[in-house]
K.L.:
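Mind looking over this structure? Questions follow.
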Amino acid sequence: LASNPLRPVILAAAKSSRVRALITAAPPTRRLVDRFVAGDTRADALAATKALLDTGRSVSIDHLGEDTTDRAQARAIVAEYEALIADLAPSAGTGAPVPAVEVSVKLTALGLALGAEGPAVALGHARQICAAAAEAGVWVTVDAEDHTTTDATLSIVRRLREDYPWVGAVLQAYLHRTEADCRELSGPGSRVRLCKGAYREPASVAYQDAAEVNASYLRCLRVLMAGQGYPMVASHDPAIVAAVDPLAAEHARGPDGFEHQMLYGIRDLEQRRLADAGYRMRVYVPYGAQWYGYLMRRLAERPSNLKFFLRSVVSR
Ligand code: FAD
C-alpha cells in the first residue's frame, strides 16, 4: 500500500486526461477491467451476484461513478440504483438477519460536489436510494472518498441513520482521524466498514507509511470489535485477516458478529475459503461504464497489476 513508491505517481497520473485517453483506448485494458469489474451493465452485475451467492458469499454492489458534475447525471445514477435494488429484491431475504445483498454508493456520484447545494442534493438522493432499499429489504453502505469529503459524508450518514438505522459507513485507517471516528461510530446498531483507504492523501491528514497504516488499522479494528456495532473488515491483507479471529474471541463475537469483505476479482480463493469456513464474506461488486477511477486505484495498490497491463501493451 503506502510504501509502494509508484502509488502516488499512478494516482496523480490518473488525473491526466492524456493518460486517461491512453488507458481507455488501449486494447488490453478490457481484459484488466474485466478482472476487477463485473461488466458494463446491471445484467452483468446480477450475473456476478448470482455466482457469488451460489458459492455462499454475500455482495455489496456498486454502480461505478464519481465526481458527478450535474444534477441530471446524479438523477440518472439514482434511477439506476432504484432499478438495481428492485432487481435484487428477490434475493434480499438470503442471509437474514444481515441481508446477503447490499448496495454501496458514493456521495460524489449523487451530487456531493455540486457546489454549495451539493451536500443537500446528495442527501436527498441518498434518501431516495435508502427508501427503495428499505422497501426491498436491501441494505446500503456509503463509501468513503478523499479526505475533503469525510466530514460531509459522515454527517450525511448520521442523517440517513435517523430514518434508516442499518445504513453503513466506511472509515479509512490511513486517516489520522479514523480511530476517533471509530469510537464515535461504535455504538449499538452501527455498521462500519473499515478499509485502509485508496486515495492519494497528504501527510497532514494521512499516514504515508504502510506499517503505520497497518498499525492504525489494527487499533481501529480493536475499537470496533470492542464496541457494540457490526464491524465489516474490508481487507485482503493476510495479516489483517489473521488478526480478526483473536480480536473477535476477545470480545465474545461469534461469526455473526462481524463480516469479512473483499473486492471482486481479488483473492477469490481466500474469499471462498472464508465463506466455506462459516464466516460471512461479502464481495464488493462494481459494475458500469465509468470504471476508470476505480481501475486506477486498483492499479495503484499493486504495481504487478500495472506491469501486467504495460507488458500486454508493449508486447502487441
Ligand atoms: P494491501 O496491503 O493493499 O494488500 C494486501 C494484499 O491484498 C496484497 O498483497 C495482495 O495480495 C492483495 N491485493 C490488494 N490489492 C490488490 C489489487 N488491487 N490487486 C490484486 N491484489 C491485491 N477504499 C476507500 O478509500 N473507500 C472505500 O469506500 C473503500 N471500500 C472498500 C470496500 C471493500 C469491500 C474493500 C475490500 C476495499 C475497499 N476500499 C475502499 C479499498 C481499500 O481502502 C484498499 O485500498 C484496498 O482494499 C487494498 O488494501 P488491503 O487492505 O487489501 O491491503
Side-chain angles (χ1 to χ4, degrees), residues 1-15 66-67 104 106-108 112 141-155 157 168-186 190-227 229 231-248 250-251 258-263 266-267 270 284 293-306:
L1 168 103
S3 60
N4 157 22
L6 283 179
R7 182 173 181 272
V9 181
I10 297 168
L11 290 175
K15 299 221 182 264
E66 50 199 277
D67 303 331
S104 283
K106 281 192 174 48
L107 293 178
T108 62
L112 182 64
T141 290
V142 178
D143 281 358
E145 301 181 66
D146 76 57
H147 80 277
T148 63
T149 65
T150 310
D151 279 329
T153 299
L154 293 182
S155 91
V157 169
V170 179
L171 297 177
Q172 298 153 314
Y174 64 14
L175 295 182
H176 300 151
R177 60 178 286 167
T178 293
E179 198 177 334
D181 287 334
C182 284
R183 285 185 205 290
E184 204 155 299
L185 287 170
S186 61
S190 174
R191 288 198 308 130
V192 176
R193 175 198 298 161
L194 181 63
C195 65
K196 289 188 184 177
Y199 295 78
R200 188 164 68 112
E201 299 289 15
S204 54
V205 300
Y207 299 111
Q208 304 292 307
D209 180 68
E212 282 183 308
V213 176
N214 294 344
S216 169
Y217 194 109
L218 293 173
R219 286 195 305 275
C220 292
L221 185 57
R222 178 171 284 282
V223 171
L224 295 177
M225 286 285 191
M232 303 185 279
V233 189
S235 178
H236 315 92
D237 185 340
I240 305 276
V241 172
V244 169
D245 275 353
L247 273 175
E250 198 179 310
H251 298 288
F258 64 91
E259 67 184 44
H260 287 281
Q261 297 193 340
M262 293 189 188
L263 300 175
I266 301 183
R267 302 203 69 200
E270 176 68 357
Y284 183 99
Y294 182 85
L295 179 72
M296 294 309 278
R297 289 193 292 279
R298 302 294 78 80
L299 292 182
E301 273 153 14
R302 201 147 161 81
S304 57
N305 289 337
L306 183 71

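Everything quoted here is computed from the prediction, not taken from an experiment.
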K.L.:
Give a yes or no answer on whether the side chain of R298 reaches the backbone of G293 with a donor-acceptor pair at less than 3.5 Å.
P.N.:
no
K.L.:
Any chance CZ of R297 has more than 12 other-residue heavy atoms, nucleotides or ligands included, within less than 6.0 Å?
P.N.:
yes
K.L.:
Any donor-acceptor pair under 3.5 Å linking the side chain of T178 with the backbone of L171?
P.N.:
no
K.L.:
Is a side-chain donor or acceptor of E179 paired with a backbone partner of R177 at a separation under 3.5 angstrom?
P.N.:
no
K.L.:
When the ring planes of Y207 and H176 are compared, do they come out parallel, tilted or perpendicular, using 30° and 60° as the limits?
P.N.:
perpendicular
K.L.:
Find the distance between CD (E184) and OG (S190) and round it off to the nearest 0.5 Å.
P.N.:
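One gets 10.0 Å once the value is rounded to the nearest 0.5 Å.
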K.L.:
Are the side chains of D67 and K106 in touch, meaning some heavy atoms are under 4.5 Å apart?
P.N.:
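Not in contact.
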K.L.:
When rounded to the nearest 0.5 angstrom, what distance separates CG in N214 from CG in L221?
P.N.:
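Here the interatomic distance stands at 12.0 Å.
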K.L.:
Rounded to the nearest 0.5 Å, what's the gap from OH on Y199 to NE2 on H147? Could you check?
P.N.:
13.0 Å
K.L.:
Does E201 use its side chain to pair, donor to acceptor, with the backbone of Y174 at less than 3.5 Å?
P.N.:
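Not a single qualifying donor-acceptor pair exists.
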K.L.:
Which atom pair, heavy atoms only, marks the closest approach of L194 to C220?
P.N.:
CD2-CB, 3.7 Å
K.L.:
Can you check side-chain contact (heavy atoms from CB on, under 4.5 Å) on V241 and M262, steps first, answer last?
P.N.:
CA-CA 11 Å; V241 172; M262 293 189 188; 4.1 Å; yes
K.L.:
Nearest 0.5 Å, please: how far is OG in S235 from CD1 in I266?
P.N.:
10.5 Å
K.L.:
Kindly compute the distance separating CD (E145) from CD (E66), expressed to the nearest 0.5 Å.
P.N.:
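Taking CD in E145 and CD in E66, the distance rounds to 6.5 Å.
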K.L.:
Any side-chain heavy-atom pair from F258 and M225 closer than 4.5 angstrom?
P.N.:
yes
K.L.:
Is there a donor-acceptor contact under 3.5 Å from the side chain of H236 to the main chain of L263?
P.N.:
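Yes; judged by distance alone, with no hydrogens or angles, the pair exists.
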K.L.:
Run the salt-bridge test on D143 and R193 with the 4.0 Å N-O cut-off and return the result as yes or no.
P.N.:
yes
K.L.:
Does R191 reach the side chain of M232, with side-chain heavy atoms less than 4.5 Å apart?
P.N.:
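In contact.
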K.L.:
Taking the side chain as C-beta and beyond, is there a heavy-atom pair between P238 and R267 under 4.5 Å?
P.N.:
yes
K.L.:
Please lay out, stage by stage, how L218 and I240 fare under the test side-chain contact (heavy atoms from CB on, under 4.5 Å).
P.N.:
CA-CA 7 Å; L218 293 173; I240 305 276; 4.1 Å; yes
K.L.:
Calculate, to the nearest 0.5 Å, the distance between atoms CD and CG belonging to Q172 and D146 respectively.
P.N.:
8.5 Å
K.L.:
Could you check L185 against L154 for side-chain contact (heavy atoms from CB on, under 4.5 Å), going step by step and ending with a plain yes or no?
P.N.:
CA-CA 10 Å; L185 287 170; L154 293 182; 4.2 Å; yes
